[in-house]
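Structure first, then comments.
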Amino acid sequence: MTFAVRLLTALALAWLVVSDSWLISVQADFNYKDALSKSILFLEAQRSGRLPPDNRIPWRGHSGLQDGNDSSVDLVGGYYDAGDNVKYGLPMAFTVTTLAWGALAYGAQLQQAGELENVRSAIRWGTDYFLKACSRRDLVWVQVGDPVADHQCWTRPENMNTPRTLYNIDHNTPGTEIAAETAAAFAASSIVFRKADHPYSRRLLNKAKLLFKFAVEHKGSYDGECPFYCSFSGYNDELLWAASWLYMATKREVYLKYIQDQGITASVDEFSWDLKYAGVQVLLSSLYFAGEKSLGTYKSQADNFVCSVLPDSPYSKISLSPGGLIHIRDGANTQYVTSTAYLLSVYSDILTKYGQSVDCGGRTFQASDLMAFAKGQIDYLLGNNPKGMSYMVGFGEKSPQQAHHRGASVPQMSPDSLVTCALSFTMWFKREGPNFHELTGAIVGGPDRYDNFEDLRWDSTKLEPTTYVNSLAVGVLAKLAAP
């Protein structure tokens with residue numbers, strides 16, 4: 001074969017046209033192990049509280065050490081959700097639940113990559129905090145920090161002096177979404193620690209049972225986290241999500257009966273901190289294939305999810321950028337990228353295990369088709385895109401330098417340094433140039449629907465990372481990193 005023919009053949013194989021408007025490289029491969037390690041480092045950069053002696057983020061220090069003092073409760077710890085200094089219960093719990101699911105689905109791969117203990121540590125950092133937040137029966141502390149005041153100041157968490165206002169739910173002020181999601185986080189995490197730390201696992205599971213009971217008996221949506229984390233989907237998905245994880249953790253009929261008799265479900269085309277149905281459906285489909293035929297509706301809806309997101313499906317509903325990235329809505333759009341990739345990865349494993357495929361209006365998709373699309377989405381984030389850049393900070397030769405993140409963009413200073421909020425925006429938010437610290441592993445919000453991206457700190461829709469974007473990437477990256 002001549003060199004010219006070999007070159008043309010290589011080029012033809014490197015790019016495969018899979019629709020009229022977008023291209024996916026079928027040969028793009030990255031150092032997924034490095035991406036996996038860095039994605040976990042970002043979660044460590046989001047820690048609040050007293051950092052451990054083995055803290056791996058040199059520019060982070062202790063923060064929020066007085067959290068809870070106003071109500072004589074210890075609420076030190078937990079995670080900041082994104083680029084601000086507020087601790088929101090709903091997205092934090094979803095981060096822990098999905099990270100635990102990743103540890104359960106890909107524990108062997110995480111162990112092989114040398115990251116299982118780091119993932120367990122990340123999960124435990126969240127569950128330790130939730131145990132404090134749920135220390136009183138039928139009361140959950142769901143948020144620390146006044147979000148309005150916080151968003152009017154651009155300071156590191158180590159130096160913040162904005163109000164650490166406390167918010168809670170109880171039988172008079174219910175918050176079913178948060179209570180149920182936290183129950184799910186406890187239940188999923190209890191499985192993770194069942195062999196590694198059985199007493200801790202039992203403690204988490206007992207809290208999960210109590211919280212689920214509280215969520216069921218005191219129904220009502222909590223709007224205290226609006227306008228930042230409004231639950232537009234209601235609480236039925238969280239109740240079903242929590243019941244599913246409790247059944248996975250206990251195999252008790254009471255939770256299966258809840259799923260069968262009281263669970264409300266729907267076919268959807270996204271999985272997020274607000275909308276859990278697709279996650280439930282993929283999770284329960286494994287039980288259906290294992291013999292629990294009463295869960296057939298969930299298996300069918302898992303198939304519907306696949307049919308709605310695969311671009312070659314006649315029932316495809318999602319939009320793709322010209323470069324092939326899922327685009328559902330502006331603002332942390334990469335959360336839908338990693339969540340879709342994760343569900344497709346897990347469902348492809350289930351289909352492979354049971355020798356199944358998905359039928360979409362006469363078009364059959366094999367497990368390999370699901371995984372190919374999932375891999376393509378992750379590869380786009382890591383650099384296989386029209387901009388030729390990685391959307392994970394610190395990964396690859398070209399990645400974002402101006403993540404919308406207070407801790408990374410403000411220089412270190414002594415803990416007693418005082419900075420006025422107005423001056424903080426002038427000095428650091430509006431400052432041109434790279435952040436003072438690399439927010440290693442953070443997957444930022446990403447490009448718009450046309451693959452456009454400018455590395456400008458003030459554009460939070462494109463530059464702000466969140467914990468739940470990364471928590472959903474961990475499992476897929478572990479799978480891709482496996483030899």
Side-chain angles (χ1 to χ4, degrees), residues 93-94 96-105 107 120 123-124 126-127 130-131 133-140 169 171 174-219 235-266 276-302 346-347 350 353-354:
F94 182 66
V96 173
T97 310
T98 50
L99 193 60
W101 191 4
L104 294 170
R120 284 177 178 164
I123 294 168
R124 192 162 190 151
T127 52
F130 286 129
L131 287 171
C134 304
S135 59
R136 288 176 53 188
R137 189 162 184 155
D138 292 349
L139 184 148
V140 183
I169 58 174
H171 62 280
T176 305
E177 296 94 337
I178 304 178
E181 181 61 59
T182 309
F186 277 137
S189 300
S190 76
I191 309 174
V192 173
F193 291 106
R194 182 169 292 163
K195 293 182 179 179
D197 189 341
H198 189 69
Y200 187 71
S201 171
R202 293 300 305 172
R203 189 180 177 197
L204 298 182
L205 187 55
N206 288 336
K207 281 293 183 182
K209 294 173 184 177
L210 290 172
L211 269 182
F212 181 69
K213 184 174 183 290
F214 169 65
V216 171
E217 293 179 351
H218 302 284
K219 291 180 181 176
Y235 53 69
N236 289 314
D237 55 326
E238 276 86 10
L239 286 172
L240 186 58
W241 179 238
S244 299
W245 276 111
L246 275 162
Y247 183 65
M248 299 296 286
T250 66
K251 294 299 186 287
R252 288 183 59 187
E253 288 296 314
V254 62
Y255 300 114
L256 179 61
K257 187 172 176 59
Y258 182 92
I259 295 167
Q260 295 168 331
D261 298 344
Q262 299 184 56
I264 298 173
T265 185
K276 316 292 167 49
Y277 288 126
V280 170
Q281 291 150 12
V282 169
L283 183 66
L284 295 181
S285 65
S286 63
L287 300 180
Y288 167 81
F289 286 123
E292 188 51 71
K293 297 307 179 186
S294 67
L295 301 176
T297 296
Y298 297 97
K299 181 268 177 188
S300 297
Q301 290 177 331
V346 171
Y347 202 43
I350 295 170
K353 180 177 180 179
Y354 293 99

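Computation of the quantities below employed the complete heavy-atom set of this structure, encompassing side-chain atoms and omitting hydrogens, waters and symmetry-equivalent molecules. By convention here, the first residue in the shown sequence is residue 1.
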Do Q281 side-chain atoms and A266 backbone N/O form a donor-acceptor pair below 3.5 Å?
yes

Quick one: side chain to side chain contact (heavy atoms under 4.5 Å, CB included) partners of S294, sequence neighbours excluded?
Q260, E292

Write out all pairs satisfying ring pair (Phe, Tyr, Trp, His ring centres under 6.0 Å) with one or both partners inside residues 278-302, taking only residues at least two apart or from two chains.
F289-Y354

Distance from L104 atom CG to L283 atom CG, nearest 0.5 Å?
9.5 Å

Just grab all the side-chain hydrogen bond (donor to acceptor under 3.5 Å, both in side chains) pairs involving residues 239-256, residues at least two apart or on different chains.
E181-W241

Residue set satisfying ring-ring contact (aromatic ring centres under 6.0 Å, His included) with F94, at least two apart, ordered chain then number -> F271

Residue set satisfying salt bridge (Lys or Arg N to Asp or Glu O under 4.0 Å) with K219, at least two apart, ordered chain then number -> none

Let me have the donor-acceptor pairs involving side chains of residues 191-198, under 3.5 Å, with sequence neighbours excluded, atom names and distances please.
from : atom 1 : to   : atom 2 : distance (Å)
R194 : NH2    : A249 : O      : 2.6
D197 : OD1    : Y200 : N      : 3.3
D197 : OD2    : R124 : NH1    : 3.2
D197 : OD2    : R124 : NH2    : 3.2
H198 : ND1    : R194 : O      : 3.3

Set of ring-ring contact (aromatic ring centres under 6.0 Å, His included) partners for F130, sequence neighbours left out
none

So salt bridge (Lys or Arg N to Asp or Glu O under 4.0 Å) across residues 206-218, not counting sequence neighbours, yields K213-E217

Any idea which heavy atoms bring G263 and L240 closest together, and the distance?
CA-CD1, 3.8 Å

Report the residues that fulfil side-chain hydrogen bond (donor to acceptor under 3.5 Å, both in side chains) with S190, sequence neighbours left out, ordered by chain and then residue number.
none

For the atom pair OG1 (T176) and CZ (F214), what is the distance rounded to the nearest 0.5 Å?
7.5 Å

I'd like to check Y258 versus V254 (side-chain heavy atoms, cut-off strictly below 4.5 Å). Are they in contact?
no

Pairing residues for E238 by the side-chain hydrogen bond (donor to acceptor under 3.5 Å, both in side chains) criterion, not counting sequence neighbours:
K276

Working to the nearest 0.5 Å, report the span between NZ of K293 and CG of L295.
9.5 Å

Do V346 and I350 have side-chain heavy atoms sitting under 4.5 Å apart?
yes

OG1 of T265 to CG of L284: how many Å apart, nearest 0.5 Å?
8.5 Å

Output all residues satisfying side-chain hydrogen bond (donor to acceptor under 3.5 Å, both in side chains) with Y277, sequence neighbours left out; order by chain, then residue number.
none

Can you check whether A185's main-chain N or O pairs, donor with acceptor, with T97's side chain at less than 3.5 Å?
yes

From OH (Y235) to CD1 (I178), nearest 0.5 Å:
14.0 Å

Got a sec, which residues hit salt bridge (Lys or Arg N to Asp or Glu O under 4.0 Å) with E177, two or more places apart in sequence or on another chain?
none

Measure the CG-CG distance between L246 and L256 for me, rounded to the nearest 0.5 Å.
12.5 Å

